[in-house]
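This is a predicted model, so every value here is computed, not measured.
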Amino acid sequence: MVDYTDLENVHRHVVATIVSPSFSVPVPRVQNVHLVPKPVLEAMRAGWLTGTHAERPITVTKLFDVYVTEEGLVFTHDKKLIAQTIAQHSSEECQRAFERLHAVTDVVEVTESSLLLRKRGDHNYGHWMVELLPRLWLAEQFMTPQRLVVPDAGNAMTHVIRDSIALSSTQPHQFLALDNQAVCFFKDLSIVEGLTDHGVYMSPLVFAQTDAMRACVPEVASQRLYVVRSGSPRAVVQEPEIRALLQHYRFRVVNPAELTFLEQVQLFKSAECVVGVMGAGMTNTLFCPRGAKVITLAPATMPDTFFAFIARLRGLYYHEIRGQMMEADTTQWDGPFSIMPAQLAALLEG
């Protein structure tokens, strides 16, 4: 069984503690809330209904003689899992990491000072842009890590990771890309805590360099964007009607997966309105100008407050339309769902 320990009990040095400011956000405008199952509503309660978020400490902490495996789980030299590095990991994932650590015979040792930029779901564009990249910005105020520990994420996401760092950091970096099965031992590893708590909290500091990134990319004419997810099971069954409606309103159809990172920034920095199914591509709304309208189409069963947080902290006019899953009584959200095109039309007119 996994043996856990608290960060307070670990050999460490607190490099810096800063205060994330308090902020207030309105309750998001959501249509068809009656379709959302009660357990899903309860899961989103803190993210949707906490109007004022108090100040929170954010810490940069240097750890010594630790192991890293899975998606950013950190174990002490005597193989105890540091509880603060668990971020949405299931108990099964923690157990799997523990067993891997005890079974491995060939461990890579890293002696250079390193910064951990990994967490559960780190292959996802949204998780990287909002929950991991900002850790680098914060850490760089107080230190210059020799290596950045990032996910081994395949060709497209690797380009996003490196391009987003190049656009937002002035320091040269060496990368150590780890897959989930790798086990590495670090003599000197820094972690950043407190910027986000997925679904519950998002510090305004996660957007500390967003406007600077926008400024690096040339302007294009203002436009309206319809974000599509090719091949995804999470899709609106009324897609032909939705697409015809948006064409009437002169929307451009875009698939962010087919664009480079810089092309995505450029497109969204000039967008006056964005419509799309809830998913990673909608993360790009963080590059929209303040006051832009964002309409997210989402399955009623999807317990996600991520995009509402982005919109409210970036000063966007945000709406969600929740839709009924086509499979009856399902708790899944990666499947087809239904919305009323008339509701979308009314929001576009408003």
Do [X] and [Y] share a hydrophobic cluster, counting only Ile, Leu, Val, Met, Phe, Trp and Tyr and linking them when any side-chain heavy atoms are less than 4.5 Å apart?
{"X": "Val2", "Y": "Leu73", "answer": "yes"}
{"X": "Val40", "Y": "Leu297", "answer": "no"}
{"X": "Met143", "Y": "Leu195", "answer": "yes"}
{"X": "Phe261", "Y": "Leu286", "answer": "yes"}
{"X": "Leu178", "Y": "Trp128", "answer": "no"}

Check the pair Glu42 / Lys38 against salt bridge (Lys or Arg N to Asp or Glu O under 4.0 Å), numbers first and verdict last. CA-CA 6 Å; Glu42 190 58 34; Lys38 287 184 179 180; over 6 Å; no
May I ask you to decide if the ring planes of His319 and Tyr317 are parallel, tilted or perpendicular, using 30° and 60° as cut-offs?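 Answer is perpendicular, since the angle exceeds 60°.
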With distance as the sole criterion, is a donor-acceptor pair present between the side chains of [X] and [Y] under 3.5 Å?
{"X": "Glu131", "Y": "His198", "value": "yes"}
{"X": "Ser20", "Y": "Glu55", "value": "no"}
{"X": "Gln238", "Y": "Ser338", "value": "yes"}
{"X": "Gln343", "Y": "Gln31", "value": "yes"}
{"X": "Ser24", "Y": "Thr52", "value": "yes"}

Look only at the side chain of [X] and the backbone of [Y], and say whether a donor-acceptor pair between them is shorter than 3.5 Å.
{"X": "Asp179", "Y": "Ala182", "result": "yes"}
{"X": "Ser168", "Y": "Ser164", "result": "yes"}
{"X": "Asn124", "Y": "Gly121", "result": "no"}
{"X": "Ser90", "Y": "Glu93", "result": "yes"}
{"X": "Ser232", "Y": "Arg229", "result": "no"}
{"X": "Arg290", "Y": "Arg314", "result": "yes"}
{"X": "Ser114", "Y": "Glu112", "result": "yes"}
{"X": "Thr59", "Y": "Thr61", "result": "no"}
{"X": "Lys269", "Y": "Val217", "result": "yes"}
{"X": "His173", "Y": "Arg162", "result": "no"}

If I take atom [atom1] from residue [X] and atom [atom2] from residue [Y], how far apart are they, to the nearest 0.5 angstrom?
{"X": "Ile82", "Y": "Ile191", "atom1": "CD1", "atom2": "CD1", "answer": "6.0 Å"}
{"X": "Leu246", "Y": "Leu344", "atom1": "CG", "atom2": "CG", "answer": "5.5 Å"}
{"X": "Glu71", "Y": "Asn180", "atom1": "CD", "atom2": "CG", "answer": "4.5 Å"}
{"X": "Leu136", "Y": "Leu115", "atom1": "CG", "atom2": "CG", "answer": "6.0 Å"}
{"X": "Leu63", "Y": "His13", "atom1": "CG", "atom2": "NE2", "answer": "11.5 Å"}
{"X": "Met340", "Y": "Gln324", "atom1": "CE", "atom2": "CD", "answer": "11.0 Å"}

Is [Y] close to [X] at the side-chain level, that is, under 4.5 Å between some pair of heavy atoms?
{"X": "Met278", "Y": "Phe307", "answer": "yes"}
{"X": "Val149", "Y": "Val110", "answer": "no"}
{"X": "Asp304", "Y": "Trp333", "answer": "no"}
{"X": "Leu167", "Y": "Leu262", "answer": "yes"}
{"X": "Ile242", "Y": "Tyr226", "answer": "yes"}
{"X": "Arg252", "Y": "Leu267", "answer": "yes"}
{"X": "Leu245", "Y": "Leu348", "answer": "yes"}
{"X": "Phe207", "Y": "Met213", "answer": "no"}

Residue pairs meeting salt bridge (charged side-chain N to carboxylate O under 4.0 Å, His left out), one or both in residues 272-281, sequence neighbours left out, come to Arg224-Glu272
Where is the tightest heavy-atom contact between Ala177 and Pro151, given as atom of each residue plus distance? CB-O, 4.1 Å
Heavy-atom pair with the smallest gap, counting every atom of Tyr4 and Ile86: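 What the structure gives for the nearest pair is CE2-CD1, 3.7 Å.
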[X] atom [atom1], neighbour heavy-atom count above 12 within 6.0 Å:
{"X": "Arg250", "atom1": "CZ", "answer": "no"}
{"X": "Gln332", "atom1": "CD", "answer": "no"}
{"X": "Glu327", "atom1": "CD", "answer": "no"}

Step by step, work out the side-chain contact (heavy atoms from CB on, under 4.5 Å) result for Val274 and Lys293. CA-CA 6 Å; Val274 180; Lys293 180 184 288 187; over 6 Å; no
If we check ring-ring contact (aromatic ring centres under 6.0 Å, His included) with Tyr67, which of these qualifies: Phe75, Phe186, Phe185?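 That would be Phe185.
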Would you verify whether the NZ or CZ of Arg56 falls within 45 degrees of the ring axis of Tyr201 while also being under 6.0 Å from that six-membered ring's centre?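 Because its charged atom sits under 6.0 Å from the ring centre and within 45° of the axis, Arg56 does stack over Tyr201.
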Cation-pi check for Phe309 against Arg312: NZ or CZ below 6.0 Å from the six-membered ring centre and within 45 degrees of the axis, yes or no?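 Yes.
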Hey, would you say the His77 and His11 ring centroids sit under 6.0 Å apart? no
Please say which of Arg12, Lys187, Lys79 ends up in a salt bridge (Lys or Arg N to Asp or Glu O under 4.0 Å) with Asp65. Lys187
Should [X] and [Y] count as an ion pair when the cut-off is N to O under 4.0 Å?
{"X": "Lys62", "Y": "Asp188", "result": "yes"}
{"X": "Arg100", "Y": "Glu70", "result": "yes"}
{"X": "Arg322", "Y": "Glu320", "result": "yes"}
{"X": "Arg96", "Y": "Glu92", "result": "no"}

With Glu258 as reference, evaluate Thr260, Asn255, Val254 under the side chain to side chain contact (heavy atoms under 4.5 Å, CB included) test and give the passing residue.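 The residue from Thr260, Asn255, Val254 that satisfies side chain to side chain contact (heavy atoms under 4.5 Å, CB included) with Glu258 turns out to be Asn255.
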Could you go step by step and tell me if Val237 and Phe337 meet the side-chain contact (heavy atoms from CB on, under 4.5 Å) rule? CA-CA 6 Å; Val237 296; Phe337 64 100; over 6 Å; no
Do Asp6 and Gln84 pass the side-chain contact (heavy atoms from CB on, under 4.5 Å) test, and can you show the C-alpha distance, the side-chain angles, and the key distance before you say yes or no? CA-CA 7 Å; Asp6 190 273; Gln84 285 82 355; 2.9 Å; yes
Given the rule in the side-chain contact (heavy atoms from CB on, under 4.5 Å) test, do Leu347 and Ile321 qualify, once you have shown the distances and angles that lead to the verdict? CA-CA 10 Å; Leu347 291 178; Ile321 301 178; 3.8 Å; yes
